[in-house]
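Heads up: the structure comes next, in structure tokens.
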Amino acid sequence: MDGVALLTIFVLSIFVGFEVVSKVSTILHTPLMSGANAIHGVILVGAIIVAGHADTGVELWLGLVAIVMATVNMVGGFVVTDRMLQMFRPRQSAAKGSDA
Amino acid sequence: MDGVALLTIFVLSIFVGFEVVSKVSTILHTPLMSGANAIHGVILVGAIIVAGHADTGVELWLGLVAIVMATVNMVGGFVVTDRMLQMFRPRQSAAKGSDA
Amino acid sequence: MTTVVVPAETRPGERRVALVPESVGRLTALGVDVHIQAGAGLGANALDAAYSDAGATVVDGDIFAGADVVLSVNSLDADRVAALAPGTTVVSFLAPSASLDKVKAAQDAGITWLSMELVPRISRAQSMDALSSQGLVAGYRCALVAAERLPKFFPMLMTAAGTVKPAKVVVLGAGVAGLQAIATAKRLGAVVQAYDVRAAAADEIRSMGAKFIELDLESLEGAGGYAREMTEDRSQRQRDLLTPYITAADAVITTAAVPGRQAPMLVTRQMVETMAPGSVVVDLAAETGGNVEGSVAGEEVMIGHASVWGGLNVPSQMPVAASRLYSANLAAISELFLKEGAVVLDFDDEILDGSCVVHGGQVRFAPAREAIEGSG
Amino acid sequence: MTTVVVPAETRPGERRVALVPESVGRLTALGVDVHIQAGAGLGANALDAAYSDAGATVVDGDIFAGADVVLSVNSLDADRVAALAPGTTVVSFLAPSASLDKVKAAQDAGITWLSMELVPRISRAQSMDALSSQGLVAGYRCALVAAERLPKFFPMLMTAAGTVKPAKVVVLGAGVAGLQAIATAKRLGAVVQAYDVRAAAADEIRSMGAKFIELDLESLEGAGGYAREMTEDRSQRQRDLLTPYITAADAVITTAAVPGRQAPMLVTRQMVETMAPGSVVVDLAAETGGNVEGSVAGEEVMIGHASVWGGLNVPSQMPVAASRLYSANLAAISELFLKEGAVVLDFDDEILDGSCVVHGGQVRFAPAREAIEGSG
Amino acid sequence: MNQTWVQLAYLAAALCFVLALKGLSSPKFARRGNALGAIGATIAVVVTLVAEDFDHMPAILVAIAIGTVFGVPAARRVQMTAMPQLVALFNGVGGGAAAIVALVEFLSAGQDAGFGELTASAFTVLVGSMSFSGSVITFLKLQGLMTSRPVVFPGMQVLLPLTALVSVGLAGAVIGTQSISMIYALAAVSLLLGVLFVLPVGGADVPIVISLLNAATGVAVAASGFVLDNVLLLIAGTLVGASGTLLTLLMAKAMGRPIGSTLFGALSGSSSLGGGEASDRPVKSLGPSDVAVMLAYAERVVIVPGYGLAVAQAQGALKELVDLLGERGVEVSYGIHPVAGRMPGHMNVLLAEANVPYEQLKEMDEINPELPATDVALVVGANDVVNPAARTPGTPISGMPIINVDQAQSVVFLKRSMRPGFAGIENELLFDPKTQLLFGDAKDTLSQTVTALKSL
Amino acid sequence: MNQTWVQLAYLAAALCFVLALKGLSSPKFARRGNALGAIGATIAVVVTLVAEDFDHMPAILVAIAIGTVFGVPAARRVQMTAMPQLVALFNGVGGGAAAIVALVEFLSAGQDAGFGELTASAFTVLVGSMSFSGSVITFLKLQGLMTSRPVVFPGMQVLLPLTALVSVGLAGAVIGTQSISMIYALAAVSLLLGVLFVLPVGGADVPIVISLLNAATGVAVAASGFVLDNVLLLIAGTLVGASGTLLTLLMAKAMGRPIGSTLFGALSGSSSLGGGEASDRPVKSLGPSDVAVMLAYAERVVIVPGYGLAVAQAQGALKELVDLLGERGVEVSYGIHPVAGRMPGHMNVLLAEANVPYEQLKEMDEINPELPATDVALVVGANDVVNPAARTPGTPISGMPIINVDQAQSVVFLKRSMRPGFAGIENELLFDPKTQLLFGDAKDTLSQTVTALKSL
Ligand SMILES: NC(=O)c1ccc[n+]([C@@H]2O[C@H](COP(=O)([O-])OP(=O)(O)OC[C@H]3O[C@@H](n4cnc5c(N)ncnc54)[C@H](OP(=O)(O)O)[C@@H]3O)[C@@H](O)[C@H]2O)c1
Ligand SMILES: NC(=O)c1ccc[n+]([C@@H]2O[C@H](COP(=O)([O-])OP(=O)(O)OC[C@H]3O[C@@H](n4cnc5c(N)ncnc54)[C@H](OP(=O)(O)O)[C@@H]3O)[C@@H](O)[C@H]2O)c1
Ligand SMILES: NC(=O)c1ccc[n+]([C@@H]2O[C@H](COP(=O)([O-])OP(=O)(O)OC[C@H]3O[C@@H](n4cnc5c(N)ncnc54)[C@H](O)[C@@H]3O)[C@@H](O)[C@H]2O)c1
Ligand SMILES: NC(=O)c1ccc[n+]([C@@H]2O[C@H](COP(=O)([O-])OP(=O)(O)OC[C@H]3O[C@@H](n4cnc5c(N)ncnc54)[C@H](O)[C@@H]3O)[C@@H](O)[C@H]2O)c1
């Protein structure tokens, strides 16, 4: 993909990133941070690619370490976020009330 | 630019478009519509390009008509939006009050 | 020049005055002379000096001499009326059906008499509506009387020495006076429930923040927003259904009335006897027959363990406020018939037409005319 | 078994009772017998039957025979005290410095006397704080009395017959009673302004929604949250500064007190004379010297054009509420000294120590002791 | 000019557009936002003009000049009330321009165009043409050049979907055959489609349709961006398409009209807008946030409470609103009519309960002279006491003095319905052009207004 | 697999991430949002694995398995209170992974890399390494493995900027020389930079720093997207970078700490967090919207009003809050202490003024047994009446019965400061781990909470 396209995508993503979280309520600061943290675990994709293309042993080993680290980030991140969010399980009565 | 890049840009733009106006207050519906309307007057760019590249008389004339129309859309749109927004000139006292 | 006179009230215990100094200006602005009897305003804390300052003439002798218009709270005696110069206009309260002698005297003497009770309750006449203005005073006072006589608190209070429960107040009849009684009792913190027969009353009661007592009874709507009289059967059923509310109440305030009739009897002696010791009943309608069986106007009697206060001329118990409002009512109606300094009675005007009982030897108020013609 | 007796009050006009049926259970739960004199609760609407139902013995004869503890609102007569069995404990109001004869009698007879005024105002003792509970009743009543006596409305009302301005009420002294008076007058819609010498009072007054009258005077803080007595000079300056507020007021309510002293004189006769006709002054402190010059406890006198109501035993004017609260106070303090059915006076307890005037032939309350020793 | 620099300039312009839309959604930044949009557009046009050595440059510049000469004075001189139709017209020419651009590109590219480009071209022509003709019809309706009532004729239920089908078919044919005549046919049928689409829409729903057509033009512009491989057109068009769609939904929601019945209601016969009283005597209704903005940007506001305030027990919410306005520096007072409510002093009792300071309450005679200098009169659950019928003889309230809210610059009524008050007579003021209604229980609507005001 | 399909799948994954972040910002959709994020991540990984015929496939799968075996149980078993440090750790390994990816790509691409790619690589290594080491330090601080106080040593004011300069210089050298040793040096110095950056930050500010490092990792991932020409990494990284930056600012604002002094305060000596009472006895403060969420998602709430409610005259706002909670199905009652306020019945007078129904008022003896089953006790301007000091002898309030809010699941105090109440003694409950404070005038904070609640 050419540079301008990447730049455009980059700029638009900044806007999206800003806008989607701009209405977050304070109580969700920590879960949101944790969720965002899990999302950047997608560096796993990069780690797989470099490991998969590794030509030397160093590259492979580094790549595999990166994979382990990225997996921990991603998988652990989503799980821990979910645990944080358990307090937001909709209550019966509340759900009824807020739908009305 | 390749198709996927354009598609990505398209999708991200949809998000940005949705998100930036999602908090609009009712009173601004009309000015916002008018402003958005002016923005799509940027089709003028397209009209200039096709007119500039026109090979036949038909193409040129059509292109020139498109230029006139797009210019009306763009220039008129921004001016009329500005007029609508004149009621939002900050008042002295109000400005003071809301800063506090 | 036309002379408007304001005599001192002669009714025993009356403390109101028909015109307060603040209103004198509105009359003199109509181009008339205002004469006020010396000391007439004392009961309402209006000193003679205040009247002179306001532009009235304080008269020490015969106030009626040379009177063109007489403004009064209560109706004049028949003798007094007979002695007035023909063509004099009297404006005052006058229950015409119950005062046929006075009407007759006015007819014979050629007096014009405008009765404040008969001012039609149309929008334009609201500023002349003395029933409303005096009802307002009476309603407020009823609630205060109940609060002052109850040996308990009206409001709830949670204190180190235990929680004081709020008083339960039941108001029957939610006209002008009743609504004001509700408002006042609510303000003091009582839990107020109220009942009235008119259909609109439920909403009106709730709009005061009180609870409407829903009885399984049809509503009774008469002409002009007033209530109709009940049949004896409905009356009995209403009392039966109300009994539990009365029993549970710390204070009961009754203000029910039906124009031109005896006040409906809403609470029987037995009902009062079911009330707890120390309870208070305030019957605003005691003068016109009483909403509460056994209540005596102007007295406090014990029925069972409850003390029953019978209202007698209640607005007069708050003379300053009542006089100010009444005086404004009189000024407003005077502006209708005093044109360029002269009395001009235009009977095309619905208000003058409706409120005029007798004029130029003619009894214009039909029920009184029929009664007089029937009797003699 | 220990016997707690509740005699009928003998003070003229007293309608309260020291124990209401609702509180009997709290005492019997302490393992004591409760005896109540027949008819003692009548003034507070408590029937003898209610006492029996609650577990008390209604006594028709000599109530004091065999008494271990006597609960009373007012203090017993010196003769009555002298006749009690030695070791009897009496709990009641007792202004010890003003009742040296009674203290002496108790000392001689070996009586223990706990004075409700002397219960220290510490947090733990709040449930026994009879000054607060009776002050609450008195403050509410003062405001009602003022409202009922004023010939005008408290609230503002905009009506077709003109606008009724809200009454201006000035409250002087914002202790328990004063704050409650403020609250009640405010609820009724009056415009309330208040003044007190304590520094914390400004906030407290504002927290009731009333306006604090800012005078250019230093605040006076005594021990235990009470006020100090004023010097004559400050007193004079305070009166001068307050005069315009008094003049403008429709109603003035005074509740100022300094413990153990005469009530401060806050409003002079001249100040009252500047008030408009029909104004009302309510002096809660009339009994202890009066905040208003010329006020007479238990009477309504005219000063200038204003009517001045002097409070006399005001809590007793709302006997049901006052008795319930007082009774809870007594029950709470009884729980302190009745342990397993016996009277146990532990003077390590700050509350018993502070409130005990005399015990075992010893006057424990220093000012009284000094006065008695000094005089004899 | 270097292509990369052009692309970067386009990106900057796109950024301006994003920020413009963002600004336009908040009262505080709306004007700035609009200016930013204009800057973005200028950048885009200038960069385009200098990026390449175009043929026909003079003609192009003349065309731009002509467009400016048409557009600016029209926008400058238009009456406030005529703005919506002008916006519709502007939108229409924009859509038309997009269609023409795609058409010309189709003509010039000829056989070289790939499938994607062809599809985009056909789509742009279809949507652009439809937006053009539809906008022209809305213009005519609003300008009063044709009836503003829904226009429905027999067979329309069949004709509209048929036309839609035909145009889709023609689009397919264009892509398949690349025939020039087909694309002209597509343009023609799409124009018809636009007309048929807008005809059945009734007067009050027209703003929603304008917004929808605006979004459609945005989408057409985005598609033309695909056609021309121009990222700026793609982004700008998509932005307008997306935000316009959301805006359409928001507007429909604010007006309480489900979008489906708005568009196709008259056609399927389910709309109440086919005629009758309601559309003969239209009232203007608005939402709590509109009221909040009106009040926040007013200098003087007079509140006129009535019986409805008591029924709703909304005194607390009202007091909160007034307090908030006071904090913003708006001068607010209550105009109390002597017989508002159902009891003398009813409003006093209510407002005292909410702790409204007595000083804010003004009597009728005191407030009436102030009304001509009042920006907004907010009538909360009152009716008879502000009914100008009192000034003409022969009605049940004739001769009763009223609070002259009709002399205020604008009037907002808070009530639940069009039902009359105590006197049972209609209030002409409800239909006055300067009056707007916020329907609902006064407690609800007031507290929504408070919430909206806080977020301004 | 066809490259276009891979790209489309990546786009879908990116979409999931956008929606995930959107969901995570509203309590209602937060869990769904997180799940969507997980789905997006799964799509991305699976598509990557099947897109190409990678070498070392078994090793890769084993590495993924190992990562999962480490990550999941850690996340599952962690105590609620230890979550922040776990998040810090996760963030660190993510940053480390990004740095390694860029490093490996640098090693393998060698001399072929262009200027842009080189710059991106160096940037990724710098930011990723720094994020790694910084996160590890925060982890150690929070886990109690090192002091949570700001660590400052002499010369640090010089060392930190110096290290920063050196790393930038090394990055330049990497780009210029493409030397492998240079990039290792860059990694090492960046690790040091991360450590120096976090050391001076004090305990309470650590969450803000975690958020900042999180954003930094996002930026590193985005840069690695440039390196690998991978749009998904670009978008996902940018999203996290942008939202993380905003979140950091929002957090700093919510905690009332200017971001600058948070980070560099201890260093420049301007911070109050260097020691002393405040950090020895920390209280937890929170914002109105936190209180709104806590209350909205509670089953039972008890309100304990005190003198401060009267001082603030906040009875109306309180009533509105309670009404709103009631509408949401939360069970709310008021616990009235007999001596709350400054007059017997003070609270009754106040609450009656706000028209609170008498049934909602509960006496102390009635409410106390209910408190253990209460989710949130909201103490509005009260202090002495809930002070557990009353239970221990020797204090001025000993022996006074209190409302046992300390038995509730959590306690929120609304007060203006740490000042004591009437009795003048400190309230231990303010420092209790389950207590949180919302500072400010009760009327302001209550009405802000109401506004926040309405927007939930
Ligand atoms: N003050 C007195 O002493 C007294 C005594 C008796 C009669 N009156 C008469 O009463 C009338 C008073 O005039 P007014 O303007 O106060 O009242 P009104 O004319 O009766 O109008 C009240 C309006 O409030 C609206 N409303 C009712 N409930 C509402 C709610 N919950 N939320 C929002 N709006 C609500 C009603 O419209 P919707 O139904 O559409 O909501 C109605 O139009 C006068 O005609 C007067 O003569 C006065
Ligand atoms: N009820 C009675 O009869 C009576 C009579 C006399 C004394 N007392 C005594 O008064 C006390 C009553 O206890 P309490 O818990 O009600 O009151 P408190 O212990 O005095 O505490 C009141 C709290 O409210 C806070 N506050 C003050 N103004 C505020 C505002 N505008 N917004 C938010 N918070 C505010 C204060 O903290 P900040 O300054 O930090 O904001 C203070 O901590 C007891 O000690 C009781 O013994 C009672
Ligand atoms: N349009 C106006 O200008 C205007 C002005 C004032 C009052 N009003 C209306 O006039 C009406 C009467 O007011 P009023 O105060 O003069 O009434 P009133 O004094 O004649 O009667 C008092 C109330 O008693 C009620 N009542 C009668 N029989 C009853 C029964 N058996 N049980 C219970 N209640 C009974 C009546 O319904 C009335 O509400 C009200 O509807 C009031 O709103 C209208
Ligand atoms: N801690 C507790 O448990 C508790 C309980 C109840 C009352 N209190 C406090 O005790 C204090 C006194 O209450 P009280 O009602 O018993 O007081 P009180 O009856 O002794 O006096 C009434 C008020 O008069 C005021 N006063 C005295 N001289 C005055 C003057 N010259 N001018 C104006 N005002 C004057 C006093 O300041 C006091 O507020 C108050 O601060 C109250 O809050 C404490």
Side-chain angles (χ1 to χ4, degrees), chain B residues 9-10 13-14 16-18 20-21 23-29 31-52 55 59-60 62-82 84-85 88 93-94 96-98, chain E residues 17-18 21-22 24-25 27 30-31 34 37-38 41 44-45 48 54 59-60 63-64 66-68 70-72 74-75 86-87 90-91 93-94 96-98 100-101 104-105 107-108 211 214 217-218 221 224 228 233 235-236 238-240 242-244 246 251 254 287 289-290 293 327-329:
Chain B
I9 291 170
F10 176 64
S13 301
I14 289 177
V16 175
F18 259 85
V20 286
V21 305
K23 277 177 287 188
V24 65
S25 67
T26 321
I27 198 80
L28 282 171
H29 282 174
L32 175 58
M33 187 203 351
S34 178
N37 170 47
I39 287 176
H40 67 51
V42 76
I43 185 66
L44 176 55
V45 167
I48 292 172
I49 293 173
V50 295
D55 303 324
E59 285 175 30
L60 178 61
L62 281 174
L64 292 176
V65 170
I67 290 178
V68 174
M69 288 165 82
T71 309
V72 169
N73 181 185
M74 191 175 95
V75 179
F78 285 117
V79 174
V80 81
T81 308
D82 192 61
M84 281 181 195
L85 290 171
F88 292 101
S93 50
K96 210 190 63 201
S98 58
Chain E
F17 292 155
V18 172
L21 287 175
K22 199 168 157 63
L24 278 165
S25 11
R31 287 195 90 189
N34 188 52
V45 173
T48 306
F54 286 119
I60 290 173
I64 293 176
I66 292 174
T68 311
F70 270 112
V72 174
L86 196 67
V87 173
F90 287 166
N91 179 56
V93 293
I100 296 176
V101 167
V104 175
E105 183 65 13
L107 297 180
S108 72
S211 175
N214 177 48
T217 304
V221 171
S224 78
L228 298 178
L233 293 186
I235 297 179
T238 309
L239 284 176
V240 175
S243 60
L246 183 59
M251 283 171 85
S289 49
D290 305 74
V293 175
E327 283 165 24
R328 293 181 78 100

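Proteins come first, then strands; the chains are lettered A, B, ... in the order of their sequence lines, and each starts at number 1.
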For Phe78(B), does its backbone N or O pair with a side-chain atom of Asn34(E) as donor and acceptor, under 3.5 Å?
yes
Which pair of non-hydrogen atoms, one from [X] and one from [Y], has the smallest distance, and what is that distance?
| X | Y | value |
| --- | --- | --- |
| Met69(B) | Ile100(E) | SD-CD1, 3.9 Å |
| Ala44(E) | Val42(B) | CB-CG2, 4.0 Å |
| Ala66(B) | Ala97(E) | O-CB, 3.6 Å |
| Val80(B) | Phe90(E) | CG1-CE1, 4.2 Å |
| Ala63(E) | Ile67(B) | CB-CG2, 3.5 Å |
| Gly46(B) | Val101(E) | C-CG2, 3.9 Å |

Mind checking whether [X] and [Y] have side chains closer than 4.5 Å, heavy atoms only?
| X | Y | value |
| --- | --- | --- |
| Ile43(B) | Ser224(E) | yes |
| Asn91(E) | Met33(B) | no |
| Leu28(B) | Leu24(E) | no |
| Met74(B) | Val45(E) | yes |
| Leu62(B) | Leu107(E) | yes |
| Ile235(E) | Ile9(B) | yes |

Set out, in order, the CA-CA distance, both residues' side-chain angles and the distance that settles side-chain contact (heavy atoms from CB on, under 4.5 Å) for Ile49(B) and Glu105(E), then state yes or no.
CA-CA 9 Å; Ile49(B) 293 173; Glu105(E) 183 65 13; 5.9 Å; no
CG (Leu239(E)) and CZ (Phe18(B)) are apart, to the nearest 0.5 Å, by 12.0 Å
Between Asn214(E) and His40(B): side-chain donor-acceptor atoms closer than 3.5 Å
yes
Is [X] close to chain B through its backbone or its side chain, or both, or neither, when contacts mean heavy atoms under 4.5 Å?
| X | value |
| --- | --- |
| Ala74(E) | neither |
| Leu21(E) | both |
| Ser211(E) | both |
| Ser25(E) | both |

Take Leu228(E) and Val50(B) through the side-chain contact (heavy atoms from CB on, under 4.5 Å) test and state the conclusion after the steps.
CA-CA 9 Å; Leu228(E) 298 178; Val50(B) 295; 4.1 Å; yes
Contacting moiety of [X], where chain E heavy atoms sit under 4.5 Å:
| X | result |
| --- | --- |
| Leu44(B) | side chain |
| Leu60(B) | side chain |
| Ala38(B) | neither |

For Met84(B) and Val87(E): C-alpha separation, side-chain torsions, deciding distance, then whether side-chain contact (heavy atoms from CB on, under 4.5 Å) applies.
CA-CA 11 Å; Met84(B) 281 181 195; Val87(E) 173; 3.6 Å; yes
For each of [options], tally heavy-atom pairs with chain E at distances under 4.5 Å, and name the one with the top tally.
| options | value |
| --- | --- |
| Leu64(B), Val65(B), Ile39(B), Val79(B) | Ile39(B) |
| Ile14(B), Thr81(B), Asn73(B) | Asn73(B) |
| Gly63(B), Ala51(B), Ala47(B) | Ala51(B) |

Between Ala98(E), Gly71(E), Ala75(E), Gly244(E), which residue shows the highest count of heavy-atom pairs closer than 4.5 Å to chain B?
Ala75(E)
Determine the option with the most heavy-atom pairs under 4.5 angstrom with chain B, choosing from Val18(E), Ile64(E), Val221(E).
Ile64(E)
The residue among Val75(B), Thr71(B), Val72(B) that forms side chain to side chain contact (heavy atoms under 4.5 Å, CB included) with Phe70(E) is Val72(B)
For the pair Thr217(E) and Asn37(B), evaluate side-chain contact (heavy atoms from CB on, under 4.5 Å) and give the outcome as yes or no after the intermediate values.
CA-CA 8 Å; Thr217(E) 304; Asn37(B) 170 47; 6.0 Å; no
